[in-house]
Every structure is written in C-alpha cells, then in structure tokens.
Colleague: 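Here it is, the structure in full.
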Number of protein chains: 2
Amino acid sequence: MRNPTLHDVARAAGVSYSTADRVLNERGGVAAKSIQRVQRAIQDLGYRRDIHAANLSRRRSYRFAVFLPGGDHGFFSALGQALLAQAEARALDRVSVTLCDPGQGAAGDWDCAALVGAESEGLAQVMADLAERGIPAITLVSDIAGARRAYVGIDNTVAGRTAGRLLRLAHGRGAGRVQPVLGSLSLRDHRERLDGAAEILGPSRLTLLPPAEVHDHPDRMRDALTAALRADDGITAIYSIGAGNRGLIALMETLGESRPFVVLHELTPHSRAALELDLIDAVIDQKPAEEAARALDAMRAIADGEEPPPAVITPAIFFKENLPGVSA
Amino acid sequence: MRNPTLHDVARAAGVSYSTADRVLNERGGVAAKSIQRVQRAIQDLGYRRDIHAANLSRRRSYRFAVFLPGGDHGFFSALGQALLAQAEARALDRVSVTLCDPGQGAAGDWDCAALVGAESEGLAQVMADLAERGIPAITLVSDIAGARRAYVGIDNTVAGRTAGRLLRLAHGRGAGRVQPVLGSLSLRDHRERLDGAAEILGPSRLTLLPPAEVHDHPDRMRDALTAALRADDGITAIYSIGAGNRGLIALMETLGESRPFVVLHELTPHSRAALELDLIDAVIDQKPAEEAARALDAMRAIADGEEPPPAVITPAIFFKENLPGVSA
DNA sequence: CAGAAAATGATTGACGTATCTCTTTTTCCG
DNA sequence: CGGAAAAAGAGATACGTCAATCATTTTCTG
C-alpha cells in the first residue's frame with residue numbers, strides 16, 4: 001500500500017541506509033556491486049524519491065528565469081504577467097520566477113530557464129551563458145532548433161493550417177486572394193504558420209499572396225497593408241501572422257463594411273475590442289495563462305530531474321461570439 | 001526571504017508553538033484572546049502552512065472518487081483513462097483516483113469527489129450520500145445547478161456559439177437550414193449548446209430546425225437523421241450536440257459528396273477518422289486529458305482547504321487539417 | 001602481512017508540521 | 001481563598017530525505 005522509502009530500499013538491497021543514499025544521490029565512494037544491488041532494489045520495489053520530503057530537507061526552492069523579448073508586444077507582456085501570477089500562486093511550492101531581459105545575458109544562478117526563440121538581441125549570448133553554467137532551458141512560444149529540454153507552446157504549423165481552414169470556410173465556394181503579413185521570414189514560428197496556411201490554401205480557389213514583412217511594428221503593418229490593398233483590389237482576406245496588429249485594426253476601421261476577412265493571432269485588449277467591433281473576424285490565441293502554467297510545470301519537472309510532460313497547447317479560436325468572460 | 005513557519009507565528013504572537021498549533025488546526029481549548037493574537041500574527045507575517053510538510057507529517061494521501069456515467073460513450077471512457085493516467089503521474093503527490101459507478105451510490109471514504117451532471121441513474125443518491133458524509137464535490141463536463149465547489153469543463157453556451165459561428169462561416173453569404181441533434185433537452189449542457197448556437201444563427205440567413213432527441217444512441221441518431229433528411233431536402237448542415245455520432249458518421253458515409261456540413265462534439269477515434277475521411281467538417285473538443293488534469297488540481301485544492309483555481313477549459317476546434325499528432 | 005585506502009555502517013540533526021503526553025500557570029467560581 | 005477547570009507551555013516522536021561525522025570493516029598494494 002504505502003510507497004517504499006529509501007529505508008526499504010536499503011533493507012531490500014542488504015546495505016545500510018547510508019550506502020543507499022550514496023547511490024541515490026551519486027555521492028561516490030560506493031563499490032560497483034553495491035551500486036548494482038541498490039539500483040536493483042529501486043527497480044524491484046518501484047521506489048521513487050519523495051520529492052516533497054527531499055525539498056523540505058534541502059530547503060530547496062525553484063528559481064526560474066524567463067527571458068522574454070521586450071518591445072511593444074502585448075502578448076509578451078501578458079505572458080509575463082501570467083508567469084508572475086502563476087509563480088505567486090505556487091509560492092507554497094517554492095517556485096519563484098524572474099523575468100529577464102535577453103539583452104543582459106544570463107547572469108543569475110537558476111534551476112531552469114525558459115527562452116523565446118524570437119528575434120531578440122542577446123539570445124545567442126543567453127544560450128551560451130546557460131550552457132556554460134549547465135542550466136537547462138526550455139523554449140517558450142517559439143521553438144529553437146537544436147538541443148533543449150522541452151517546448152511549451154502551440155504547434156505553429158497546425159495554427160497556420162487552422163487559419164487556412166478558417167479562410168477557406170469564410171470564402172465558401174468562392175475564389176479569393178489572401179494577403180499574409182508577418183514579422184519576418186527569418187522567424188521560425190512565423191514561417192511555420194505561413195507554411196501551414198499555404199498547405200490548406202494550396203488546393204483551393206484561394207490565392208496566397210507573397211507575405212509582407214512588417215517586423216511587428218504597427219506603423220509598418222499599416223503602411224504595408226495600405227500599399228497592398230491599393231496595389232491589388234482583389235484582396236479578400238488578410239492573415240496576420242505576427243504582432244503589430246494595432247496598425248491593421250486601425251486600417252480596418254477606415255475601410256468600413258467592405259473590409260477584407262481578417263484572421264490574426266493573440267487575443268489582446270486590442271484584438272478583443274476589434275473582434276467585438278466587427279473590425280476583424282477571428283483570433284487564434286495561444287492562451288498565455290495556460291502557457292505560463294505549463295511552462296512552470298515543465299521547468300519544475302526538469303529541475304527535479306524528471307521528464308517534462310508533453311505540453312503542446314491547442315490554440316483557441318475566438319470569434320466575436322465566443323470570447324471568454326472577463327473572469328477567465 | 002524565507003517563508004515564515006508556525007514557530008515564527010507563535011513567537012510573533014507571543015504564545016507557544018502548541019497554542020499556535022491549536023489555533024491553526026482548530027483543536028479547541030484556546031482562549032479567545034489567544035486565538036486573536038495568533039490569527040493576527042498569521043495575517044501580519046503572511047504565514048501559509050507548508051502543505052507538503054504537513055502531508056508528510058500526517059502521512060496524508062488524497063483519495064478522490066470520480067463518478068462517470070457508463071454506457072456506450074467514447075468520451076467518458078477517454079476521460080476515465082485520462083483521469084487514471086493523471087493519477088498515476090501524480091502518485092508521488094499522493095493522489096489516487098477511483099472511478100465509480102453512479103448506480104452504486106457513494107460508499108467509500110473520499111477526500112473529494114467529482115461527478116458529471118448528466119442523466120445517470122443514481123446521481124441524486126450519490127449527491128445525497130456525499131452530502132451526508134460531508135465530502136465536497138466538484139462537477140465535471142456538465143454542471144449541476146446548486147451548491148458545489150467548482151466546475152471543471154467547457155462553457156457549453158460558448159461552445160454552442162462557436163458551433164453557430166462555424167455554421168455561419170460555412171454558409172458564406174448563402175442561406176441554409178441547420179438540423180440540430182442532441183441527447184435530450186433535459187440535459188443542461190445540451191440545452192446550453194443549442195441555445196448558444198441559436199443565438200448566433202438567429203440574426204442570419206440560416207434556419208435552426210427543431211432539435212431531434214436521440215438519447216446518445218447511434219441507432220436512434222441514424223434513424224432520426226435519415227427521417228429528417230427525407231422530410232426536408234433543404235437541410236444544409238447538421239449540428240450534433242451530444243453523443244452517438246457513430247450513427248451520424250455511418251449515415252454520412254452513404255451520402256457521398258452531397259452530404260450536409262457537419263459539426264459535432266468530442267474528438268474520439270471515430271470522429272477523428274470521420275474528419276480525415278471528409279465525412280464531417282469540424283469537431284469541438286473539450287480535451288479530456290486537460291480536463292482530467294484540471295479536475296485533479298481542483299480536487300486537491302479543495303482537499304487542502306484552498307480555493308480551487310478557475311478551470312474553464314476553452315474548447316478546441318478541430319478540422320481535418322489541424323488534428324493533433326498521435327503523441328498528443 | 002602491515003599499512004593505506006576504499007567502502008560501508010551507524011548515528012545525528014535538520015526541514016516544517018502533526019499529534020500526543022505531561023507539566024505548569026492562569027482563570028473562574030463558590 | 002481554595003480547589004477545579006481551563007489554558008498554556010514544554011517536550012518528544014514521527015514523516016522521508018539530506019548531509020554530515022565518525023567508527024568500523026573490507027580491499028588493495030607493496
């Protein structure tokens with residue numbers, strides 16, 4: 001019934017508690033055959049260390065660093081808020097979170113770090129710092145190819161496909177021309193979303209136009225879209241892949257009824273208001289609060305030496321009519 | 001820096017540890033003014049009991065019961081699986097889950113229970129049993145009006161609105177007739193979904209036909225829809241609100257290209273296959289794995305005497321193209 | 001085989017809380 | 001004021017693990 005303790009393991013292995021402890025915590029100075037006997041007993045009994053008792057004894061706390069890109073990006077500030085709120089809620093679990101500026105490198109002493117694979121100045125430096133100090137890291141929101149422990153966020157290709165499907169639905173059986181706008185083609189997540197949308201729009205009567213790069217700036221967004229709409233009066237829809245949507249929304253405000261169908265990412269106060277005012281049609285959201293919670297779950301698992309649970313967030317699709325209540 | 005302990009509280013209140021403990025755990029035999037002083041100190045220091053140390057000391061384990069309706073219902077078996085898997089994953093957190101048959105009443109001794117507000121035989125008896133024993137309960141999947149501690153699941157009105165919006169999108173600017181099918185109008189969640197859809201379809205060129213009640217049976221589903229399609233050849237879409245979708249899918253298989261647009265609930269092996277084969281168009285899923293995780297979170301919070309975190313799950317919308325990978 | 005080195009065992013005191021027992025002090029009431 | 005009851009304090013032990021010390025035994029080496 002009761003879970004076995006390390007004492008049980010020691011007894012089963014025929015060694016003292018000290019030796020079992022030395023094996024479990026890899027303190028060294030144990031003969032190979034003793035190591036084997038202890039590991040065998042751990043296997044046989046299905047022993048698993050009581051992490052709470054261990055944390056109590058060690059007065060351990062989980063110190064996590066999250067490197068978020070700065071700048072005018074509503075989503076990241078929402079994510080940062082959510083992370084701090086989650087950390088507060090988990091204070092009893094000894095979890096603390098520090099938001100860091102990627103520009104400053106990774107100075108502190110952390111148990112695990114999270115970083116966003118987006119265009120931020122010091123990202124390479126941060127990764128080097130972390131690697132040098134042996135601090136494990138996960139990626140958040142936007143993945144980075146190569147070695148890291150886990151990715152918490154949406155599958156951007158799937159998100160792009162979802163957008164593509166919404167665009168097709170919106171056109172019914174009719175034809176149309178879709179203008180994609182993104183931050184930069186060098187951003188993996190933006191590229192993946194675009195590719196996902198292209199997959200779905202390929203076999204349809206919709207044409208996916210070449211994407212405009214606006215580097216997440218509202219002004220550039222507005223200018224680029226104004227130019228695109230002027231150049232091609234057959235544009236029936238806009239798919240905004242990155243940030244800077246205030247520019248898009250402002251532009252839609254001027255167009256009135258005849259505006260194209262608009263799908264964009266991230267539910268922010270701005271995009272929410274735009275949905276409610278019928279300035280845009282659909283928002284694909286990656287739910288920062290949930291993402292924050294799953295990120296802390298993953299970081300804690302890693303800090304405990306466990307395998308982080310898979311945490312692919314399914315993006316939520318919001319229309320005017322299914323917006324979450326203010327409480328949520 | 002360090003969180004205050006009960007010793008700190010006792011010192012701050014100017015009483016002994018014993019007295020502070022008697023107050024904290026309401027053991028009685030403490031003078032009113034001492035109670036006040038201790039509570040004051042708890043406030044001032046922001047003391048919060050270290051639940052892990054407490055659990056360790058008390059050798060506490062969390063025994064949860066979940067009352068799931070039985071029967072031919074892919075979703076509930078998936079939910080049951082997810083609950084057991086989650087419990088397994090949290091064995092180190094001393095969480096154990098027992099799936100119970102609502103027909104048997106609530107016999108065991110539980111720290112918290114979860115029940116589904118659906119049409120199951122013994123639900124009233126279970127609720128009475130739990131109330132009598134003072135066992136707190138949450139609701140899962142389908143809410144029950146009245147006193148309970150928390151609801152974990154989707155907002156069914158919002159889900160219905162989402163379906164309504166998908167149906168509108170699918171019709172573009174054209175008109176159409178939508179046939180809703182549900183288990184029973186006496187089920188609150190089914191009614192809510194229907195009402196949600198009606199809200200959106202009201203101000204449109206779509207007509208929401210009177211719903212067919214099929215009591216979640218595939219055969220009845222098939223018969224009812226066959227009859228409806230025969231009686232009204234203007235039906236352009238079907239919204240299946242409850243279970244028994246195998247009957248719907250089988251029928252769509254016979255209709256070929258000219259089938260109506262179909263939206264249904266719950267991603268199961270059947271509905272997934274149907275999506276992939278283009279037999280249906282969209283699935284609104286409440287993500288049983290996530291629901292299981294949040295349910296256990298809520299039950300643990302309640303068992304610990306805390307406020308359960310809000311856990312309104314945003315339903316996922318799946319099309320053929322954004323189905324989650326097999327791993328997820 | 002002696003002596004050093006390595007391995008093992010035994011024991012202890014935390015960590016923060018629960019729970020129990022046994023004093024000692026305070027308060028109450030007639 | 002005396003005695004009983006209530007309240008408070010003191011202390012011990014336990015939960016499962018960590019981390020350290022010290023003693024003892026085994027193994028290795030020359």
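Proteins get letters first, then strands, A, B, ... in listed order; numbering begins at 1 in each.
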Colleague: What's the CD-C1' distance between A/Glu26 and D/dA19, to the nearest Å?
Modeller: 16 Å
Colleague: Between B/Arg27 (CZ) and D/dA7 (C1'), how many Å, whole number?
Modeller: 15 Å
Colleague: With a 3.5 Å distance limit and no angle check, can you tell me whether A/Asp304 reaches the backbone of A/Ala301 through a side-chain donor-acceptor pair?
Modeller: no
Colleague: Go through A/Arg49 and A/Asn25 one step at a time and tell me if the side chain to side chain donor-acceptor pair (under 3.5 Å) criterion holds.
Modeller: CA-CA 10 Å; A/Arg49 179 202 315 250; A/Asn25 293 301; 2.8 Å; yes
Colleague: Any side-chain N or O of B/Thr19 under 4.0 Å from OP1/OP2 of D/dG9?
Modeller: yes
Colleague: Can you find a side chain N or O atom of A/Ser18 that sits less than 4.0 Å from OP1 or OP2 on C/dG9?
Modeller: no
Colleague: Tell me the interatomic distance from A/Leu45, atom CG, to D/dG16, atom C1', rounded to whole angstroms.
Modeller: 15 Å
Colleague: May I ask you to decide whether A/Arg37 forms a salt bridge with A/Asp44, counting only side-chain N to carboxylate O separations under 4.0 Å?
Modeller: no
Colleague: How close or far is atom P of D/dG11 from atom CZ of B/Arg22, stated in whole angstroms?
Modeller: 14 Å
Colleague: Classify B/Gly28 by what it touches in the nucleic acid, base, sugar-phosphate, or nothing, heavy-atom distance under 4.0 Å.
Modeller: nothing
Colleague: Measure across A/Ala311 and A/Arg294 and return the closest heavy-atom pair with its distance rounded to 0.1 Å.
Modeller: CB-CB, 4.0 Å
Colleague: Within 45° of the six-membered ring axis of B/Tyr62 and under 6.0 Å from that ring's centre, is NZ or CZ of B/Arg60 located there?
Modeller: yes
Colleague: Report, one pair per line, the protein and nucleotides 13-17 of chain C atoms (nitrogen or oxygen only) whose separation is under 3.5 Å.
Modeller:
{"from": "C/dC15", "atom 1": "O2", "to": "A/Ser57", "atom 2": "N", "distance (Å)": "3.1"}
{"from": "C/dG16", "atom 1": "N2", "to": "B/Ala53", "atom 2": "O", "distance (Å)": "3.3"}
{"from": "C/dT17", "atom 1": "OP1", "to": "B/Tyr47", "atom 2": "OH", "distance (Å)": "2.7"}
{"from": "C/dT17", "atom 1": "OP1", "to": "B/Asp50", "atom 2": "N", "distance (Å)": "3.2"}
{"from": "C/dT17", "atom 1": "OP2", "to": "B/Leu6", "atom 2": "N", "distance (Å)": "2.8"}
{"from": "C/dT17", "atom 1": "O2", "to": "B/Ser57", "atom 2": "OG", "distance (Å)": "2.8"}

Colleague: Is there side-chain contact between B/Val95 and B/Phe64, with heavy atoms separated by less than 4.5 Å?
Modeller: yes
